[in-house]
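Note sheet for the following structure.
Counting starts at 1 for both ligands and their atoms, following the listed order.
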Amino acid sequence: MFTFRENVSLFPYNTFHMDVMAKYFSEINTIEDILDAIEAHQLEKLSENGPLILGGGSNLLFTRNFTGLVLRIGNKGIEAVAVGDESVFVKVSAGENWHEFVLWCVDHGYGGLENLSLIPGNVGSCPIQNIGAYGVEVKDAFYSLEAIDLKTGELKVFTLDDCHFGYRDSIFKTELRGKYLIWSVTFKLRLNPVINLEYGAIKQELSAMGIQNPGISDVSKAVCNIRKGKLPDPEVIGNSGSFFKNPTVGLKFAETLKETFPNLVSYSLGNQEVKLAAGWLIEQCGWKGFREGDAGVHESQALVLVNYGNAKGSEILTLAHRVQNSVYERFGVKLEMEVNVV
Ligand code: FAD
Ligand code: EPU
C-alpha cells in the first residue's frame, strides 16, 4: 500500500549530511507500494517535476528543500536464479545494501564484484552511474535489470546493451533520466573466479598483507583496506565520494599539456583518448585541504569535497564551481560533476 509522510528531514538519508526537508516522503518496500501510487496518480499529484528516487543517498548533494515526493527504495531479497557450468545468475532487489551484497557473493565464492567492495549505496543505484573502482565496473558482471516505468507501472527488462553503460554513465542518466525506478538487478558471476589485480595498489596491499595466492575474499579485504586509507568515511565527514569525474581528453591535447606539466597524471584509453586524474589537476590548483567554513576539499583526496559539519549544499556547490573554474583556467580542462545535485 502506498503511504507517505509530510515534511520529513532528509538528514539521515544522505552521506553529505545535508539537513534539508522533503515535502512528501514514502518508503517503497513492495511492488504494490509503487504500483498503487502510479495507479492513483500520486506521483504527479505530489511531485510536479517527478519524484526523487533515493537509495543510500551517497551520490547526491541536496542544495535546497525538496518540494516534491521522495521515494526511498527498501525492497529486499537476494536469489541465485540459475546456475550454469561456469556462471551463477543472482537476482538482487534494489533496496539491498551494495557492500553487504558484495560480501554475500564473496562468502558464496561467486566472483566478479570483489573489486567493488565497500562502495556505499544500494544495489538499485549501481547501474545508474555504472559504479566502478579498482579496475572493475558494474557492467563487467551485469546481466540485466528490471525497472518500473513511472508513468505506466510497466515492469521492463533492460539487458546489458540496453543500458548504454559508459564511464560513470548509463541510459538512466541520459535519455531515461527520471523515467524508471530500478527494481532489481541480475548479475552474472563466476563460479571459478578470475582475480583482477590490474590496479597496482591491490597487488601492493596484498603483498603487505602477506598473501601470495589471493582468492576473492583476499581481494575484497585488500580493496577495503585501500579505500579506508584513502577515502573519508561518510559517517565521520560528510561526502559523496569523488565529486567530479576524471576527464577524458584527446591524445594530442594531453601531449601538449604534458609539455607544460611533465608530472600530469594520465592513462591511455587507446583510440586517441586519454583520461586525466582530476584529483591531480585539483591538487595542482592548490585546493587540497582547502576549507572555508565547513565546506572543504579533502586533505588526502582532492577529488572529494567534504562537509565538516554544518556546510550548506549551496556552499559545497559554490566551492565545486570555484574548483571547476580554476582547473579550467590553469589546464583548459572542464571537470564534469559526478555527484547528482538536487
Ligand atoms: P543515491 O545517492 O541514493 O542515488 C544516486 C542517483 O541514483 C540519484 O540520481 C537517484 O535518484 C538515482 N537512484 C537511486 N536508486 C534508484 C533506483 N532504484 N532507480 C532509479 N534511480 C535510482 N561510486 C563509484 O562508482 N565508485 C566508487 O569507488 C565510489 N566510492 C564512493 C566512496 C564514498 C565514500 C562515497 C560517499 C561514495 C562513493 N561512490 C562511488 C558514489 C556512490 O557510492 C555510488 O554512486 C552509489 O551507487 C550510489 O548509491 P546510492 O544508493 O547511495 O544512490
Ligand atoms: N591524485 C592526486 N591528488 C589527489 C588525488 C589523486 O595527485 O588528491 C592522483 C594520484 O596520482 C593518483 C591518481 O590521481 O595516482 C588517481 O587517484 P586514485 O587512485 O585515488 O583514484 P581517483 O581517480 O581519484 C577513481 C574513482 C573512484 C575510485 C578510485 C579507485 C572517479 C571519478 N573516481 O578515483 O571512485 O574509487 O578511482 O578505482 O573515477 C567515486 O566515483 O565516487 C569514487 C570514489
Does [X], backbone or side chain, put an N or O under 3.5 Å from an N or O of ligand 1?
| X | answer |
| --- | --- |
| P234 | no |
| S58 | yes |
| A133 | no |
| G241 | no |
| G132 | yes |
| A94 | no |
| R227 | yes |

For [atom], grab the closest protein heavy atom and report residue, atom and distance to one decimal in Å.
| atom | value |
| --- | --- |
| atom 47 (O) of ligand 1 | I131 CG2, 3.2 Å |
| atom 53 (O) of ligand 1 | S125 OG, 3.1 Å |
| atom 39 (N) of ligand 1 | I119 CG2, 4.2 Å |
| atom 2 (O) of ligand 1 | N59 N, 2.8 Å |
| atom 6 (C) of ligand 1 | N340 ND2, 3.6 Å |
| atom 46 (C) of ligand 1 | P120 O, 3.5 Å |
| atom 23 (N) of ligand 1 | Q129 NE2, 3.1 Å |
| atom 19 (N) of ligand 1 | I182 N, 2.8 Å |

Going by an N to O cut-off under 4.0 Å, is there a salt bridge joining [X] and [Y]?
| X | Y | value |
| --- | --- | --- |
| R72 | E27 | yes |
| K139 | E137 | yes |
| E100 | K76 | no |

| said: So if I only count non-hydrogen atoms and take anything under 4.0 Å from ligand 2, which residues does that give, chain by chain? | reply: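 Contacts of ligand 2 under 4.0 Å: A133, Y134, Y167, R168, Y199, R227, K230, G241, S242, F244, K245, N246, V265, Y267, A277, G279, W280, E283, K288, Q301, A302, L303, E338.
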
Record the part of [X] in heavy-atom contact with ligand 1 below 4.0 Å; permitted values are side chain, backbone, both and neither.
| X | value |
| --- | --- |
| Y180 | backbone |
| I128 | side chain |
| S240 | backbone |
| I53 | both |
| N239 | both |

Output the list of atoms in ligand 1 that are nearer than 4.0 Å to some heavy atom of [X], sorted by atom number.
| X | answer |
| --- | --- |
| G121 | 49 (O), 50 (P), 51 (O), 52 (O) |
| G57 | 1 (P), 2 (O), 3 (O), 50 (P), 52 (O) |
| L181 | 19 (N) |
| P232 | 34 (C) |
| N122 | 49 (O), 50 (P), 51 (O) |

| query | Does K173 have a non-hydrogen atom less than 4.0 Å from ligand 1? | reply | no

| query | Does ligand 1 have an atom under 4.0 Å from some heavy atom of R168? | reply | yes

| Residue that, paired with Q129, satisfies side-chain hydrogen bond (donor to acceptor under 3.5 Å, both in side chains) out of N59, N340, D169 | N59

Side-chain contact test, heavy atoms from C-beta onward, threshold under 4.5 Å: evaluate it for [X] versus [Y] and give yes or no.
| X | Y | value |
| --- | --- | --- |
| L46 | P51 | no |
| N130 | F142 | no |
| L276 | L257 | yes |

Over all atoms of both residues, closest heavy-atom pair of [X] and [Y]:
| X | Y | result |
| --- | --- | --- |
| G153 | L35 | O-CD2, 3.4 Å |
| S240 | V339 | CB-CG2, 3.7 Å |
| V219 | L206 | N-CD2, 4.4 Å |
| L160 | F165 | CD1-CD1, 3.8 Å |

| query | Under 3.5 Å, is there a donor-acceptor pair between the S58 and T15 side chains? | reply |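 No, T15 and S58 have no side-chain donor paired with an acceptor closer than 3.5 Å.
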
| salt bridge (Lys or Arg N to Asp or Glu O under 4.0 Å) contacts in which one or both residues fall within residues 205-225, not counting sequence neighbours | none

| Does NZ or CZ of K91 come closer than 6.0 Å to the centre of the six-membered ring of F89, within 45° of the ring's axis? |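 So K91 doesn't make the cation-pi contact.
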
Under 3.5 Å, side-chain donor or acceptor atoms of residues 178-204 against the rest of the protein: list the pairs with distances, not counting sequence neighbours.
{"residue": "S184", "atom": "OG", "partner": "E146", "partner atom": "OE1", "Å": "2.8"}
{"residue": "N196", "atom": "OD1", "partner": "E198", "partner atom": "N", "Å": "3.0"}
{"residue": "N196", "atom": "ND2", "partner": "G135", "partner atom": "O", "Å": "3.3"}

| query | Hey, is NZ on K45 packed in by over 12 heavy atoms from elsewhere, all under 6.0 Å? | reply | yes

| For D140, what residues pass the salt bridge (charged side-chain N to carboxylate O under 4.0 Å, His left out) criterion, not counting sequence neighbours? | none

| Aromatic plane relationship, H108 with Y110 - under 30° parallel, 30 to 60° tilted, over 60° perpendicular |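 Judged by the thresholds at 30° and 60°, the geometry between Y110 and H108 is tilted.
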
| request: Check the pair L60 / Y13 against side chain to side chain contact (heavy atoms under 4.5 Å, CB included), numbers first and verdict last. | output: CA-CA 10 Å; L60 287 168; Y13 304 122; over 6 Å; no

